[in-house]
Amino acid sequence: MDEWVGRSLRLTTVCLGASGLLIPPGFAGVGPSLPFAVALGVVGAAALAAREQLATLPTVLGYDLGRYAQDAWLAGVLAAAVVLLGPASSPDELAALGGVVGLVGMSNYFVRPIYLTLLSFVLRQSSRG
């Protein structure tokens, strides 16, 4: 069960990270383009290369930052995928897509107690019989 709690928090952090990579450039007037997608891919690759260093981040307010920062590279990959595959054609639409990705992450954060409770119930029932 603890594995699912960690996975659900990682999903939230990846979505929020991707949102953070998309919204500021959109507000700055950077629109979706292949060079921007490549730059986001480079950010993801740099985070992947620094994965071991990110794993040493401390625990803050009960959250093991190193555990979640190891997946920061996925935020760059997700942001690049949104740029390449998203329907945005203007910087404002790119910022809006970043907001949607962030909304998905926060929705997961707020809904996860419900689905984790249901998962716990299902796992208990399956182990009984």
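Positions are given from 1, in the same order as the sequence printed here. Predicted, not measured: the structure shown is a model, and the values here were computed from it.
Gln125 CD to Ser120 OG: the interatomic distance, rounded to the nearest 0.5 Å, is 10.0 Å. The line from CG of Leu9 to CG of Asp64 is 11.0 Å long, rounded to the nearest 0.5 Å. Atoms CG and CG, from Leu97 and Leu103 in turn, are 12.0 Å apart once rounded to the nearest 0.5 Å. Considering CG of Leu57 and CD of Gln70, their distance stands at 9.5 Å, rounded to 0.5 Å. From Leu123, atom CG reaches atom CG of Leu118 across 11.0 Å, with rounding to the nearest 0.5 Å.
A donor-acceptor contact shorter than 3.5 Å links the side chain of Ser90 to the backbone of Glu93. Thr12 places no side-chain N or O within donor-acceptor distance of the main-chain N or O of Asn108, the cut-off being under 3.5 Å. Under a 3.5 Å cut-off, the side chain of Thr117 and the backbone N or O of Pro113 do form a donor-acceptor pair.
When all heavy atoms are compared, the tightest approach of Cys15 to Gly105 is CB-CA, 3.5 Å. Contact record, Gly29 with Pro91: O-CG, 3.3 Å, taken as the closest heavy-atom pair. Closest approach of Ala95 to Gly26, counting heavy atoms only: CB-CA, 4.0 Å. Nearest heavy atoms, Ala75 versus Gly17: CB-C, 3.7 Å. Nearest heavy-atom pair, Gly41 versus Ala80, reported as atom, atom and distance to 0.1 Å: N-CB, 4.1 Å. A pairwise comparison of heavy atoms in Gly44 and Trp73 identifies O-CB, 3.1 Å as the closest pair.
Both Leu16 and Tyr109 sit in one connected hydrophobic cluster of ILVMFWY residues. Membership requires side-chain heavy atoms under 4.5 Å apart, directly or through other members. Clustering ILVMFWY residues whenever any of their side-chain heavy atoms sit less than 4.5 angstrom apart, transitively, puts Leu54 in a cluster other than the one holding Val14. Grouping the Ile, Leu, Val, Met, Phe, Trp and Tyr side chains by contacts below 4.5 angstrom, directly or via other members, places Val38 with Leu84. Cluster membership check: Val83 does not share its hydrophobic cluster with Ile23, using side-chain heavy-atom separations under 4.5 Å among Ile, Leu, Val, Met, Phe, Trp and Tyr.
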Might you work through the side-chain contact (heavy atoms from CB on, under 4.5 Å) test for Leu74 and Leu48, ending with a clear yes or no?
CA-CA 8 Å; Leu74 290 169; Leu48 181 61; over 6 Å; no
Kindly indicate, with the supporting measurements, whether the criterion side-chain contact (heavy atoms from CB on, under 4.5 Å) is fulfilled by Tyr115 and Ser8.
CA-CA 10 Å; Tyr115 68 76; Ser8 66; 3.2 Å; yes
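The stretch residues 94-106 participates, sequence neighbours left out, in no side chain to side chain donor-acceptor pair (under 3.5 Å) pair at all. Within the structure, salt bridge (Lys or Arg N to Asp or Glu O under 4.0 Å) pairs that include any residue of residues 101-111 do not occur (at least two apart or interchain).
Partners of Arg51 according to the salt bridge (charged side-chain N to carboxylate O under 4.0 Å, His left out) rule, which considers only residues two or more places apart in sequence or in another chain, are Asp71.
In this structure, Val77 and Leu40 have side chains that are not in contact, with every pair of non-hydrogen atoms separated by 4.5 Å or more. Within the 4.5 Å cutoff, the side chain of Arg67 has heavy atoms near those of the Arg10 side chain. In this structure, Leu94 and Phe36 have side chains that are in contact, with non-hydrogen atoms separated by less than 4.5 Å.
Between Leu22 and the options Leu78, Val82, Val30, Val100, a side chain to side chain contact (heavy atoms under 4.5 Å, CB included) holds for only Val82.
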